[in-house]
Amino acid sequence: MDNVTSEVSQTGRFERVYYYLYLMRKNRLLMLGLCIGMILFLTALFAPWIATHPEDAYGSLNMKEKLRPPGADHFMGTDNYGRDIFSRVVIGTRKSLSIGIGIVLIALIIGLPLGLIAGYYGGKIDELLMRTCDGFLSFPQLLLPIVIGGVFGSSMKINMISLAIVWWPWYARLVRSQVLLVREQLYVMAAKSIGVKDRIIIVRHILANSISPVLVQVSLDLGYAILASASLSFIGIGAKPPAAEWGLMISEARPFFLNFWWTTTFPGLAIFVSVFAFNMLGDGLKEVLDPKVR
Amino acid sequence: MVIVLTVLTMVTFFFSTIAPSDPAALWVGPRPKPQQLERVREMLGLDKPIHVRYLHYVKNMVHGDFGKSIRTKQPITEELRRYFPATIELVTFAMIFSLIIGIPIGVYTAFNRESFWDHTGRIFSLSGVAVPIFWLGMMFQLLFCSFWDVLPLQGRISSYMLYTNPIDSITGFHLVDTAITGNWIAFKSAFIHMLLPAVTLSFASLAFIVRLTRSSMIEVINENYIRTARAFGIGENLIKYKYAIKNGLIPTITILGLSYTYEIGGSILVESIFDWPGLGRYMWLSVINNDYPGIMGVTIVFAVICCLVNLIADLLCALVDPRVRLTGSR
Amino acid sequence: MSYLVEVNHLKKYFPLKKGVFSRHKDFVCAVDNVSFGISKGETLGLVGESGCGKTTIGRTIMKLIEPTSGNAFFDSNNLFLLNPKKLREIRKKIALVFQDPYSSLNPRMQVRDIIAEPLTTHTDIKNSQLRDKVLELLSYVGMGKEHMMRYPHQFSGGQLQRISVARALALNPSFMVLDEPTSALDVSVQAQVLNLLADLQETFNLTYLFISHNLSVVEHISHRVAIMYLGRIVEMGPTKNIFANPLHPYAKALLSAVPNPDPDHQQEEVILTGDVPSPVNIPEGCRFHTRCNYKMPICQRIEPDLKEKEPGHEVACHLY
Amino acid sequence: MNRDNILLDIKDLHIEFSLYKSTLKAIRGISLTMHKGETLGLVGESGCGKSITASSIMQLIPCPPGKIVSGEIRFQGENLLIKNDNQMREIRGKTISMIFQDPMTSLNPVFSVGDQIKSVIKHHEKCSTTAALNKAAEMCSMVGLADPKSILKKYPHELSGGMCQRIMIAMALSCRPSLLIADEPTTALDVTVQAQILKLMRDLKKEINTSILLITHDLGVVAKTCEKVAVMYAGRIVEYGTLQHIFKNPQHPYTQGLLASTPKLGGDKNRLETIEGNVPDLTTQLNGCLFKPRCNAVNEKCAMESPGIKEVEQDHFLSCHLFNTVK
């Protein structure tokens, strides 16, 4: 239908920015995700001040207060060692957020350049990289971290690295597929015909035009990474008691949770809410950035 | 595929050899005597150089021998054989469940965009991938087993069933076996035991399938050929449920393999919660007991399953999409 | 007569990957043994239907695609044998304008930066000098200061194509490859761009390789024309001769197929049967014999070479 | 002309599209009459609304964002705009058919072409599958496809663009419609294939006596196939008449400019005439003649009121204030 659908505007240098801001404000999903995300970050930042019993997060026992239901003193009750669950959940935010960011960052640092190079140059490098990625992607994501964790013993650091190892192929593949699309655009060929150096073409022309889906994926993955690391901790790989880690807290409560519901419900809700927030953020961003979904 | 498997065995084997803790020590138990350790080392073949051990391991593996478990001291192959059907049954059931529920929801919401059910479905699918399944499983247990007490807490079948209505093991899948033999009492027991773990396991891929189906259906109904069908006066319902669906489901079929492998990974968590006697629980037990041969054995079996599943998914894809069929490439 | 640009026996085969399991490799024969030359200040029109390899020729000359074999000379430098440094020098003298103005300009860059890109790549001009130069280039194509800070999506197709031309002019090239520069534009805008190109050629004594599928446009702008079919030139000569008296049966059919915007224009229509064969399986012998109305037995066996029929007018057909 | 002979009558059609922050008034009052057995060419540059007009006849405009604000489209005496979806479905593909610009994407990639033609025939004729398949094969040989039986088994991606367009034509003509709307049917095709398709359309028109509404931007295609021509500019028809009127005696400055800026084979090699400036922004409120900013012969009336469409000689309609002064 000719150019009816292309909304070309003739005025204003910042028109496009305004347009995106407008779409972002209009997108309730994105705004909600953004809000919860902000709250999470603030909570992590000020955790020791928010927590009512900060010392409980670091392994102090208080057997007198054991397994109290939620109440005025303990908003979310106490666990089998009498520790305040609210405080532990709040302080656990730090661990979860930092490990989530860590995983995504490492994965991005490995995956982005590899995807760019493979996509831009193609050929043997591309073939090798893609076969490697296929190999990684055809197995359950948690399998390798479990093997690594099971063999090397558990620690948050190993956890983070092993998850990043299985995570980067997703980025490599995403970036590559984007680069393959952008590479065929005529402006890339135009730049080549002018004699612009490869390095500049990759950064200025290709990266700049293929970054938005990566941003979406990053915000989604922040959530998934938190989920994955919590799952590992739950299995018994990762955080060690008495650390305040959500997955571990649920795991520790397993023997008695049927009678004391609050011991698992609140840490689980914390995981759910944070992953949900990043999901909304990513989904909203996608709607704003990708005209096809809109 | 063979290459992938080879690399995988090497990696897992390599990990197990550089592991910080000593398998022999674990075998013997606490406070070992040096002679004991020596003897166990010899027995486990730990005194030989690494490549010899690897070749030995692969040779045995090809013959179907994964060695002995450090935890149970049983041959791993036999244990895996016993647990294998339980996992496959659970995962397949979960997969079928997520397809049967997920595809109609996805299609419906795509055709009724911006409606109430669309928004509900959207929130559901967003939360579905966000919920930690191990926690979800426990919440289900709280609700259905502890609070309402309508479903069994854990296990694969009621234990007394083994005496009252014993199951003839034909395929190893309880549901199939009981259905074949007409053992309906046992069937019912197996089925209700299956419900909670399967629903828990399918939750994430269900949400994923809903999302994918919805977005690809929306894309398809904006295509030129749908406009063509409209221009030729084909009815809206026929367009939607005959023309658009076949195109719209192609992406869903391509990710079937991915979802299946995802659920296999999830089975480790779910089986440990519901005490489901399958590979996932075996893996979990091996992990917390540092049982390397066990971990390696399950990993290899999982890997083989995943490779096969991906192969089947590719074939399925070629069956539906004529474009893939003819070019021969993926 | 010496040519500014000369292409000798240029071949480009693209390997075609078939499936994961088959080791057998096919080739898309995009350009097959093409030779031509362009004198200084001349426009050579390269016409043919889609998939005949005309775009590939343009890109291979620019070394955007590696040629399979053959030579291309620019100012008596063999483009395919130059070392990268020398090539960069030569490239300043050759510019390329693409078909689709909407995708040939980076949507995330301002017009100012787009036009300045060749300058910053090859020269040390900076700041106010750069700005002046960009303004000068914009003025060549009839645009001004108010357009400098805008992004491509704020322009119409015709304006974008002007910007592309301005960018191409940045380094004072002597040779321009115009790859379907007007086929994405409306007629009235096309006329503007064609006039602009003609003016620039006169002002800067430019040499053009004008690639197009639109015969009327090619007739309008070119001095000489080469007609391609399935990767080969089948007929080449001065525009007037070719359009008045096409020799090759394909050229005849092609010319008669062009719809003329004149209801009284009565012409005998040569309708070809069938489609262009796939460039993967090129017919034996003359590659046009499957659709030719004058097919002879020899056509199925021997591929005709380009032979001079009249002075400067070459044709590759067994009829002559 | 004979009143009963009118096939299609569009009266003062207005169509709007709502966009982000603005409304695009795509069609700004079109009136057009088409007679039985006629081939009418609707020409204009991109964005002038010719495709939207065509889709509105079939009521295929996606709404929202599109909306038919006012006007009336009478087909064989009945107003199509008041018909409901079910009634329209009876008409689409049976009495009015439509073919599109890009034949490759207009056919469904996962069904064989035979399947697609067959279901259209079955849908409208209520016949058995074998009868429909036979009819499909018959249609295929009518549009010049050799070996129809094997072609019907193929999928669209196995066929070339020209073959796909033939399939589309076969599908469109299978129910013998009284009107065929062809929306840029040859734009995506090569010249030699375009010649094949245009010849096919001319031949078929004689054979089954269908009226054709041909939408194109190519004046050459119009000259080759049509009897009447309507020239559109910015959502309005500026001139409408027989082929001879438009090409030999154009009256509107836009038509004149359009013809002069088209390079012709064998034409003189002088500079091409151009129309300076750009198409107006259709999202804004525009007064007077829409061509005014690009016109060389403006008078004071042009800025004030929009010129209505008037018959200046028999069958030649014009929308321009200059007519009397020019003559």
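Being a predicted model, the structure only gives us computed values, none of them experimental.
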### Query
Do you know which of C:L64, C:T121, C:I114 has the most heavy-atom pairs with chain A at a distance under 4.5 angstrom?
C:L64
### Message
Tell me whether C:K40 at atom NZ has more than 12 heavy atoms from other residues, nucleotides or ligands lying less than 6.0 Å away.
### Response
yes
### Message
Using only atom types and a distance under 3.5 Å, with no angle test, would you say the side chain of C:R88 pairs donor to acceptor with the backbone of A:V196?
### Response
no
#### Entry: Whether C:H122 side chain and A:I194 backbone form a donor-acceptor pair below 3.5 Å
yes
### Non-hydrogen atoms of A:L186 and C:F98 that approach each other most closely
CD2-CD2, 3.6 Å
### Query
Is there a side-chain contact between A:Y187 and C:P107, using heavy atoms and a 4.5 Å cut-off?
yes
### Straight-line distance of C:L96 CG to A:K192 NZ, nearest 0.5 Å
12.0 Å
### Query
Under a 4.5 Å heavy-atom cut-off, does chain A meet the side chain of C:S104, its backbone, both or neither?
both
### Message
If you define the side chain from C-beta out and look only at heavy atoms, does anything of A:H205 sit under 4.5 Å from C:E117?
### Response
yes
### Summary
Counting heavy-atom pairs under 4.5 angstrom with chain A, the leader among C:V97, C:D100, C:L105 is C:L105
### Query
Shortest non-hydrogen contact from A:G195 to C:R91?
CA-NH1, 4.0 Å
### Query
So does C:D124 have more than 12 non-hydrogen atoms from other groups sitting under 6.0 Å from CG?
no
### Query
Considering only heavy atoms from C-beta outward, does the side chain of C:R108 approach that of A:R204 to under 4.5 Å?
no
### Task
Calculate, to the nearest 0.5 Å, the distance between atoms CD1 and OG belonging to C:I61 and A:S193 respectively.
13.0 Å
### Summary
Of C:R59, C:R167, C:Q99, the largest count of non-hydrogen pairs under 4.5 angstrom with chain A goes to C:R59
